[in-house]
Student: 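Here you go, one structure.
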Amino acid sequence: MYLRLERLDKKFEATEAVRELSLDIERGEMLSLLGPSGCGKTTTLRMVGGFLRPDGGRIVLDGEDITALPPERRPTATVFQSYALFPHMTVLRNVIYGLKFRKIPREEALSAGRAMLEKVGLPGAGGKTIDQLSGGEQQRVALARALIVRPKVLLLDEPLSNLDAKLRVRMRGEIRRLQREFGITALYVTHDQEEALALSDRVAVMEGGRIVQTGAPQEVYGAAANGFVADFIGRSNILVLEDGSRVAVHPEDIRLSSGGEGIEGVVFDRQFKGAVVTWFVDTGGRTVEADVPGRSGDAWRTGERVRISFERESATILRE
Amino acid sequence: MALKQSSSAHSKGAFLPDASSVLYALLAGGVLVFILWPTVAILKESVLVDGAFSLERYRDLLTGNRTLLKNSLFIGWWTTVVAVSIGLCCALYVTRTSFRGKRAVLGVLLLTLIAPPFVSSLSYIMLFGRRGLVTWRLLGLRWNPYGAHGIVLMESVGLAAVAAFLIMAVLRGIDRSLEQASFDLGAGRWETLLRVTLPLARLGIVTAALIVFIRSLSDFGTPMFIGGNYNVLATQAYMTAMGSFDLPKAAAISTLLVVPAFFVFLVYRKLMAGAPLFSSKSVASGEERSLPGAVRWFVFAVVWSFVLFEAMKYGAIFCGAFVRTWGVDFSFTLHHLKTLQLTKLDSLLRSVRYAFAAALITGAMGVVLARFLGRRATLFSRAVDFIADLPFILPGPFFGIAYLLAFNRLPEAFLGTGFLIVANCVYRQLSLGIKSGVSVLGQINPELEDAVRDQGGGSLAVLRDVIGPLLAPAFLVSFINTFTFTMTTIGGIIFLITPYTKVLTAEMFDAIQSGDIGASSVMASVIILVAMTVNVTFSWLLLKRRTKGSEAEYVSSVGAAR
């Protein structure tokens, strides 16, 4: 294992932010820590970066125990949520900032900085000041600054949360491209499940300071370990079967029909979303959402009776 | 989510080297020795009669000096009413009208703010005195200029700038969309002004009024020069300390002046707690024609009368510096300037030296203390913060006499270095230094410090590369403010001046007292010129560094702070 977190504990006064958290990340892998706010994902990231000292447990990177090292001596680099670019320095000086602590001659640093700016898609922006850049450009500078010091692990703390929806989608592709290009190991913190699924090799879902499920995006999406994961990853309908067992079914796996087999319900609303239409069906007090592809927003009227069915293999059986 | 928690975990001092704890202890110790101890010393002196506790002096004061007390309150009340009215008009003019000439108004206000306080008295004598240019030469009046009316008039125009800047800062901070909402909901300009704008600015207006009130109470120069037989408490305190050397009595009189000051202090702290000096909050701006027509023209009239009056006031002084004998012989001469160069050059240089020293020390101490106080939320730190804030509001004579009592056992040779004068100015202005530091630090993204460490820099690199450069504006504001204050103040330091530490304001004070208008004018002009030069130069440095924010905004932030 390249990066190993062993039974990490962290308390802030009375609240336990992280509890007995263990996680292994392989070399060159991109792993997302995914969870709602307050689940301990940023705390975990900050412990890896060295900004927080764990109360218990160990962090081992490339065979070396780095638990007690201060951030400036760790081979990690962080892309901060606020980007944390130095407002009083130019773009280029921001990018090469870390190189001066690595005793790299200024000329060499400058040309490395320019080359890095080109790689992140900002050729010639070196002389600008930070406030002349757009949010997406600042994001690229932050990435350049973190990548140039060749860290063993790249840490990304909700890096896209300050961008608008369209840019977010584009930048997550960029981040993934750069991560692959540099072959760098990355730990990515986000609360956006779509983002986590789209850009990671593996996803670790967190709740209440613990990891509740780790796996490839398809696994986590298709076979949620429990109700929390099922509900948090994508939207899920929780249905109770005849035998009393509870299952989770994603809205796109629900079929609606006017007759035949299935659970009975009444359509009470619909939302047109472009690629799909989401139908809201009341099944005796429990709402079921069904995504039906196409633009046929008039297949049913509100108040109409429908039958709900799904394939057994698309349903995740929930224990507990 | 964890961001907040972790930065508080950060601030536990885990990464602060020990040297910084020593520095903090030294700076906090300084606050106790140079603010708390003198304050205790003067309070003690005022209640000790022959070594025993007694309130006898206060009883005597309240029974025997009824007239003085009444006079002080009378002057204070009317000065407050007039100065705040002018200040409010100026503030509305600059922030709520589309009239031209805002720069001129701001310029005159800034000039008033940085001119020595008793310059007003000098030009009053020159313009409206027995041989005054206006009253005698132009109108041929024979009247007695000395009395309460002159004091109120000159204190009001002198203090209007303080009120104007405070109210301006508050008016600027009001989200214009609230006013727009009021218009949108069908309210007229009158209703909006009276029910939205002014109520939102209420705290600023009240603070301005309280500050003007205590400044007026503690001003002894104006009543002394142009009050004639009209005597007030502050003058009495000065005379008692410097004339009859009855320090205990002077202590009691100036302590009496502190009572209203303390209430001001509480309101002031409340106000400043919510008003950053460097505002990053973006408030909706809007159309500026939001005042009712009648109010607009009233404001216009008041502001321009004030501006013209001030222009006349300073014009008289600058002219007075170059005419032979004001009121008698108006021929041009460089005589006064030469005399200054021959006899008062030492005092001038001393003033500049003290001002530079005080400004550097206050600037540096302010930002460093801001960093410490911002990071340690202990009871001790809160106490230090509170004590450091006190002198801002304490009347000058109180703080001066307090120093005299607290440090009178220091060796004479040491006093000759001007140490006490500089210390007095430093600690009177320290609170602004801390405030501008706290305000800037509060806006520094804590992740910037993390970024330095993440990139491989230690705590020294954090200071050198991030905190230092970003705190520079706070240092500059504090520097400019303290320089100007030290250069122009008299109320506090006049009690600490020895023959070896005479500064130019003290020379000027003596010259006015002995009626030497030429010498006084030339000294006043020089003081104004030096203070103006430093203000302009350093403000330019400050503005060059700031990418956002306008000149006017800066001026009002400095003005409000003072």
Side-chain angles (χ1 to χ4, degrees), chain A residues 10-13 15 17-18 35-47 49-53 70-89 93-94 96-103 129-132 142 145-146 148-149 151 155 157-158 189 191, chain B residues 1-17 278 280 282 367 375 377 440-476 541-550:
Chain A
K10 184 68 192 175
K11 263 192 199 174
F12 294 113
E13 273 131 43
T15 50
V18 170
S37 60
C39 73
K41 55 191 191 299
T42 296
T43 303
T44 307
L45 189 87
R46 291 180 64 82
M47 287 194 282
F51 305 111
L52 290 174
R53 185 77 65 90
E72 60 266 31
R73 295 187 40 216
R74 292 190 187 208
T76 56
T78 310
V79 174
F80 293 92
Q81 184 169 11
S82 65
Y83 314 140
L85 298 174
F86 306 119
H88 54 300
M89 299 181 192
R93 284 197 51 208
N94 262 283
I96 64 168
Y97 182 76
L99 296 181
K100 73 176 174 186
F101 302 111
R102 285 157 183 82
K103 308 267 179 283
T129 59
I130 298 306
D131 58 8
Q132 289 174 306
R145 185 178 67 181
I148 202 169
V149 297
L155 305 173
D157 183 10
E158 308 237 11
V189 160
H191 65 268
Chain B
M1 161 212 63
L3 200 73
K4 240 205 170 102
Q5 298 168 328
S6 46
S7 50
S8 74
H10 213 153
S11 69
K12 291 270 152 62
F15 296 113
L16 284 172
F278 296 89
S280 67
S282 61
V367 291
R375 297 199 139 206
V440 169
L441 279 173
Q443 285 176 42
I444 296 181
N445 174 359
E447 285 194 337
L448 285 181
E449 296 181 38
D450 290 344
V452 171
R453 302 174 66 86
D454 187 61
Q455 290 282 302
S459 48
L460 203 68
V462 172
L463 283 182
R464 186 192 58 211
D465 296 341
V466 172
I467 306 295
L470 294 182
L471 272 179
F475 175 86
L476 279 175
L541 267 178
L542 187 66
L543 289 168
K544 211 178 62 169
R545 297 189 64 101
R546 297 186 71 198
T547 45
K548 287 170 197 151
S550 67

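To find a chain, count down the sequence lines: A is the first, B the second, and so on, and within it residues start at 1. Note that the coordinates shown come from a computational prediction; the quantities given were computed from them, not determined experimentally.
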Student: Going by the rule ring-ring contact (aromatic ring centres under 6.0 Å, His included), which residues pair with Phe475(B) if we only count those two or more places apart in sequence or in a different chain?
Tutor: none

Student: Any sub-3.5 Å donor-acceptor pair from Glu72(A)'s side-chain atoms to Gly456(B)'s backbone N or O?
Tutor: no

Student: To the nearest 0.5 Å, what is the distance between CZ on Arg453(B) and OG1 on Thr78(A)?
Tutor: 12.0 Å

Student: Considering non-hydrogen atoms only, spot the tightest contact between Leu448(B) and Leu85(A) and give its length.
Tutor: CD2-O, 3.2 Å

Student: Closest heavy-atom contact between Asp450(B) and Phe51(A)?
Tutor: O-CE2, 3.3 Å

Student: Counting only non-hydrogen atoms closer than 4.5 Å, does Asp454(B) touch chain A with its backbone (N, CA, C, O), its side chain (CB onward), both, or neither?
Tutor: both

Student: List in chain and number order the residues that pass side chain to side chain donor-acceptor pair (under 3.5 Å) with Thr44(A), two or more places apart in sequence or in another chain; answer none if no residue qualifies.
Tutor: none

Student: Is it the case that the side chains of Tyr83(A) and Asn445(B) hold a donor-acceptor pair, with the cut-off being a distance below 3.5 Å and no angle test?
Tutor: no

Student: In terms of heavy-atom proximity below 4.5 Å to chain B, should Arg102(A) be classed as side chain, backbone, both, or neither?
Tutor: side chain

Student: So, applying side-chain hydrogen bond (donor to acceptor under 3.5 Å, both in side chains) with Asp465(B), which one of Arg93(A), Lys100(A), His88(A) is it?
Tutor: Lys100(A)

Student: If you apply the rule side-chain contact (heavy atoms from CB on, under 4.5 Å), what do you find for Asp157(A) with Glu447(B), and how did you get there?
Tutor: CA-CA 11 Å; Asp157(A) 183 10; Glu447(B) 285 194 337; 4.1 Å; yes

Student: Considering only heavy atoms, which portion of Pro87(A) lies under 4.5 Å from any heavy atom of chain B: side chain, backbone, both, or neither?
Tutor: side chain

Student: Is atom CZ of Arg464(B) surrounded by more than 12 heavy atoms (other residues, nucleotides or ligands) closer than 6.0 Å?
Tutor: yes

